[in-house]
2 protein chains.
Amino acid sequence: MDRKAPNDTAATPAKKITMKHIAEYLNIDRTTVSKAMASTPGVSDKTVRMVRQAAEELGYRKDIIASSLMTGKNALLGIVLADMWRGIYAPFVDSFQKSAYKNGYGVILQYVDKRTIGVRQAIEVLKQQRISGVTFISGATSEEDNPALIELAESGVAVNTTVRDLLHDRIDTIHFDNRNAGYEAAMHLIELGHRNIVFMGENRVNLTMSQRFQGYKQAVEENGLPSQLVETHENVWPKGMDVQTAYRLAKQLWTGQPKPDAIIGGNDNIALGVLFALKEEGVHVPQQVSLLGFDDLYAILAVPQLTSMRMPIMESGTTAVELLMERLNNPAKQAEAIKLAYEKIVRDSTAAAVK
Amino acid sequence: MDRKAPNDTAATPAKKITMKHIAEYLNIDRTTVSKAMASTPGVSDKTVRMVRQAAEELGYRKDIIASSLMTGKNALLGIVLADMWRGIYAPFVDSFQKSAYKNGYGVILQYVDKRTIGVRQAIEVLKQQRISGVTFISGATSEEDNPALIELAESGVAVNTTVRDLLHDRIDTIHFDNRNAGYEAAMHLIELGHRNIVFMGENRVNLTMSQRFQGYKQAVEENGLPSQLVETHENVWPKGMDVQTAYRLAKQLWTGQPKPDAIIGGNDNIALGVLFALKEEGVHVPQQVSLLGFDDLYAILAVPQLTSMRMPIMESGTTAVELLMERLNNPAKQAEAIKLAYEKIVRDSTAAAVK
DNA sequence: CTGTTAGCGCATTCAG
DNA sequence: CTGAATGCGCTAACAG
């Protein structure tokens, strides 16, 4: 019962094939097998071929755990995040996972939360699995966690962050080019002939949005146009709050004079709120007013679908993996701060201004 | 340099503390330490206390990898999913991860995709990490993967699925009670005095939605009211498509007679599309028409915010972990099919019918 | 280029 | 109740 006939073709490979088995099978040493499988220099091509083929035949799969015990590394990348509710993390995780897989790595998720699990504990958990690299998503860490990140990086684990300043010469970071996105958004409307463009958003607490506003401001001023900021005066979390606020402010805006011929919502939520207000006022989008959002998270949920500056979240997941791979290959390389560009997605909410 | 003073308070614990160290520290055997830490019966309470305390003092952390090599198990749970883009997976993953952490388990993510990585490969990857349990999200697997799942379950890994039929007496499964949700949604409107309630959704391809419709149908019929289905006639993917379609159909609906006094959108997207149409028609929600959606994914992005039947996704992640834990404790237990209830979230889009 | 020896850190026999 | 021996499967030094 513990001996299976070799020609047992039942769907039960059950018995685990180890290097030992393939060594015995070929009458060579198990360490030679190890070297052959690992492409260690100093093994004849012939042996390598023999071993590889035997491995194939016997259905050998390397035991990652045992390997990991020796090498101290595991082909696993970690993602540390605070919350997946905000929506924008899902595509990040998705693309990160896909890229990692292509590179032969698995992905392990670790959530942090002020009340229950701190960054240090999260790192502890990941280190126990011998992860090779970790990415810390914006919001998961704050200034006070810097020492922990640095310590981790210096212990030989590849590390990067998103939307944080560079904090160490071995920790790469990824940014989103919000300022330029704001600039391009405004230029799009200006080129369509709009002269009176309003930016609506929260400009004090939210750095992302204030950068978008700065870009907008530069564009209109360069073109001799007035800049107007309508502040939502609220923290944008929880999501949805800003829809209602934007709605209220847009209604209000329509009681005054002059009325804008184009509106930029600092994110899609805000644009959505404005859209509802305009519908109620009987204002047609884009015939009378052009409307534009940011992030492209909810843009296609609108009627008409919104022109939006798409946040390169998918790209950021891929980039995060690439940075980790580069650093694993060259641990001493100088830290990079990569700035990802937004993509302008033109849909039906923006059109040429009427004369 | 390899001997640190015990009162070394520098932030570098660096040197790894193993059971060997704590054994030497206490002048006992390493295997005794092992037993003490594992609460194996047959060790004196005194020794256990001694060991535990020494472990604490020295900052000992058990090496999961080494442990795993011996036991064949790792405190890791896997999630197999097809895509995170649809939005509904994010809260699942989020709550799954949190629950897993509370139970002392980590989470490893594994994506599958027809073109690049099949279910069998995904399972292979996870088994290599010696995961203790796996959950397969709806959409990640199909009938043809059943043998692989069964094999996995029989190999001693805890397994469950979501929105799939029971396929083995050791594989639990989680469902959403769509039919009852449809029933309650309709009852909510009926109790508000609405008599002419339309259900809008895709009823052929999408099983989820047709179950919701069935529930709605039962409720109106029980109350002697007419049931009316407006079919979107389209596959609901890609998301957003249904918003536009629903918008078109609602506009159309408003050209005919009689006009409904309440509309149920088979999901929030559809309700959103209807809302845009009603705004354009100058119809006030909820004063003239009550509107209700499903899923509660985008309900708060509307003005007014939508009453919606919230899909218990967060609960499903937690439930998935609980099922895995139960099965790990009792591998032979009969498979369960759990049906999770929706929660009715009443907001501003539904109100009493005008007489 | 191959085989020998040794050990990663832990857990599970079995004697004492 | 404790200690001594043994091995999980692999890799890394060295010697042959």
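Letters go in sequence order (proteins before strands), and every chain restarts at 1. Values in this document were obtained by computation on a predicted structure and should not be read as measured data.
- Interface residues of residues 47-60 of chain A facing DNA chain C, ordered by number: A/Thr47; criterion, heavy-atom separation under 4.0 Å.
- Residue A/Ile17 contributes atom CD1, which lies 16 Å from atom C1' of D/dC10 at whole-angstrom precision.
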Extract all donor-acceptor atom pairs below 3.5 Å that involve side chains of residues 134-144 of chain B and protein atoms in other chains or at least two apart in sequence.
unit_1   : atom_1 : unit_2   : atom_2 : d
B/Thr135 : OG1    : B/Asn160 : OD1    : 2.4
B/Thr141 : OG1    : B/Arg164 : NH1    : 2.9
B/Glu143 : OE1    : B/Asn146 : ND2    : 3.3

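- Between the CE atom of A/Met70 and the C1' atom of D/dT11 there is a distance of 4 Å, given to the nearest Å.
- Comparing D/dC10, D/dG9, C/dT2 by their closest approach to the side chain of A/Val43 singles out C/dT2.
- A side-chain contact (heavy atoms from CB on, under 4.5 Å) with A/Val51 is found for one member of A/Ile28, A/Val43, A/Thr32 and no other, namely A/Ile28.
- Every side-chain contact (heavy atoms from CB on, under 4.5 Å) that A/Ala38 has, sequence neighbours left out, goes to A/Thr40.
- Using a 4.0 Å heavy-atom criterion, one finds that A/Thr18 contacts the sugar-phosphate atoms exclusively.
- Nearest-nucleotide mapping onto DNA chain C: of B/Ala66 and A/Lys46, the residue sitting toward the 5' end is A/Lys46.
- If you measure from atom CZ of A/Arg130 to atom P of C/dG9, you get 8 Å, rounded to the nearest angstrom.
- In this structure, B/Ile65 reaches neither bases nor backbone, as no heavy-atom distance under 4.0 Å exists between it and the strands shown.
- With B/Ser99 contributing its side chain and B/Ser95 its backbone, the two residues share a donor-acceptor pair below 3.5 Å.
- Between the B/Asn103 side chain and the B/Tyr105 main chain, no donor and acceptor come within less than 3.5 Å of each other.
- In this structure, the CG atom of A/Asp63 is 8 Å from the C1' atom of D/dC8, given to the nearest Å.
- If you measure from atom NZ of A/Lys73 to atom P of C/dC8, you get 18 Å, rounded to the nearest angstrom.
- No more than 12 heavy-atom neighbours from other residues, nucleotides or ligands sit within 6.0 angstrom of NZ on A/Lys62.
- Side-chain polar atoms of B/Lys98 and A/Thr116 form no donor-acceptor pair below 3.5 angstrom.
- B/Ser44 comes within contact range of the sugar-phosphate backbone alone, with a heavy-atom separation under 4.0 Å but no base atom that close.
- Scanning for side-chain contact (heavy atoms from CB on, under 4.5 Å) contacts around A/Lys102 gives an empty result, with sequence neighbours left out.
- Atom CD1 of A/Ile22 is separated from atom P of D/dT11 by 12 Å (rounded to the nearest Å).
- If you take CG of A/Asn74 and P of D/dG9, they are 17 Å apart, rounded to a whole angstrom.
- Residues B/Arg327 and B/Ser132 have side chains that never bring a donor and an acceptor to within less than 3.5 angstrom of each other.
- Where the helix from C/dC1-D/dG16 to C/dG16-D/dC1 starts and where it ends, the local axes point in directions that differ by 40°; five pairs per end, rounded to 10°.
- Remark: A/Lys333 NZ is packed, more than 12 non-hydrogen atoms of other residues, nucleotides or ligands lying under 6.0 Å away.
- One atom, NZ of A/Lys62, and another, C1' of D/dC8, lie 16 Å apart when rounded to the nearest Å.
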Find every protein N or O atom lying less than 3.5 Å from an N or O atom of nucleotides 4-6 of chain D, and list the pairs.
unit_1 : atom_1 : unit_2  : atom_2 : d
D/dA4  : OP2    : B/Asp29 : OD1    : 3.2

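- Put simply, the side chain of A/Thr318 does not reach to within 4.5 Å of the side chain of A/Met314, judged on heavy atoms.
- In this structure, the side chains of B/Arg61 and B/Ile17 stay at 4.5 Å or more apart for every pair of heavy atoms.
- For A/Thr32, the side-chain atoms get nearest to C/dG3 when compared with the rest of C/dC1, C/dC8, C/dG3.
- Contact annotation: B/Ser67 side-chain N/O to C/dG9 OP1/OP2 distance is not under 4.0 Å.
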